[in-house]
Amino acid sequence: EREWKQYQREFRTLKRDKIQADLKAEQARIKTELDGLTASLTDAENAQKDRQADLEKMTEARDRFKAQDHYRAKQDAGFAKAELDTAVYAYEEARKQGGAAAAGAAKKLQHWEETFGARTEDLKRAEANLKEMDEALKGHEQQVLEWKAKLTEKRRRSENLERSLLRLET
């Protein structure tokens, strides 16, 4: 047998050993990255669940506020407006007739003007609160969407690493 054939066999053996060592190093690197990503993915999924739960609580609180407090303020302002309209009419009629009835009607009119003003301010505050809640809800919804996108990206990266690892193992 020729001497160079022995060198060629040794070279192939060395090359195969180097390739196997590189392969094992790459598998270890991918496995480490995959393990870290898996832990990160678990944390991100838990955070996403928390954010989704917060979003649901915020939505419930906003809906409850709108159904109760905002609705009540709107109704109170509407009833006060109706009473004010009635008092205006009664005052106009009493003024036409003159006398003590006009003074009583004026007092009642002043009462309903003040009541209507207060109820209108209550309604404005309720509407401002509702608007603030809507804006906060919208911001939180945006955060949830961003987290979902990040989570999807991490899942995709994890799947790619798993495929790479499988290819290296075969």
- Taken to the nearest 0.5 Å, the spacing of Leu55 CG from Leu145 CG works out to 9.0 Å
- Message: Do the side chains of Asp122 and Arg119 get close enough for a salt bridge, i.e. N-O under 4.0 angstrom?
- Response: yes
- Side-chain contact test, heavy atoms from C-beta onward, threshold under 4.5 Å: evaluate it for Arg12 versus Lys15 and give yes or no. no
- Query: Can you tell me if Gln97 and Glu93 form a side-chain donor-acceptor pair at under 3.5 Å?
  - Reply: no
- Query: Which atoms form the tightest heavy-atom contact between Glu162 and Leu34, and what is the distance?
  - Reply: CG-CD2, 3.6 Å
- Message: Between Glu153 and Lys150, does any NZ, NE, NH1 or NH2 come within less than 4.0 Å of an OD or OE carboxylate oxygen?
- Response: no
- Item | Salt bridge present between Asp22 and Lys18 (N-O < 4.0 angstrom) | yes
- With a cutoff of under 4.5 Å between side-chain heavy atoms, which Ile, Leu, Val, Met, Phe, Trp and Tyr residues group with Leu109? Leu84, Val88, Tyr91, Trp112, Phe116
- Message: Are the side chains of Asp85 and Lys81 in contact, using a 4.5 Å heavy-atom criterion?
- Response: yes
- Item | Any Arg64 side-chain heavy atom under 4.5 Å of Asp69 side chain | no
- Query: Between Asp35 and Lys31, does at least one N-O distance fall below 4.0 Å, as a salt bridge requires?
  - Reply: yes
- Would you say the side-chain atoms of Ser40 pair up with the backbone N or O of Gly36, donor to acceptor, closer than 3.5 Å? no
- Please answer whether the main-chain N or O of Arg51 pairs with a side-chain N or O of His140 as donor and acceptor at a distance below 3.5 Å. yes
- Salt bridge or not for Glu159 and Lys154, using N-O below 4.0 Å? no
- Would a hydrophobic clustering, with Ile, Leu, Val, Met, Phe, Trp and Tyr connected at side-chain separations under 4.5 Å, put Leu168 with Leu161? yes
- Query: Are any non-hydrogen side-chain atoms of His70 and Phe65 less than 4.5 angstrom apart?
  - Reply: yes
- Set of residues satisfying salt bridge (charged side-chain N to carboxylate O under 4.0 Å, His left out) with respect to Glu33, sequence neighbours excluded: Arg29, Arg157
- Taking NZ, NE, NH1 and NH2 as the nitrogens, is one of them in Glu121 or Lys124 under 4.0 Å from a carboxylate oxygen of the other? yes
- Query: Going by heavy atoms in the side chains, are Glu83 and His111 under 4.5 Å from each other?
  - Reply: no
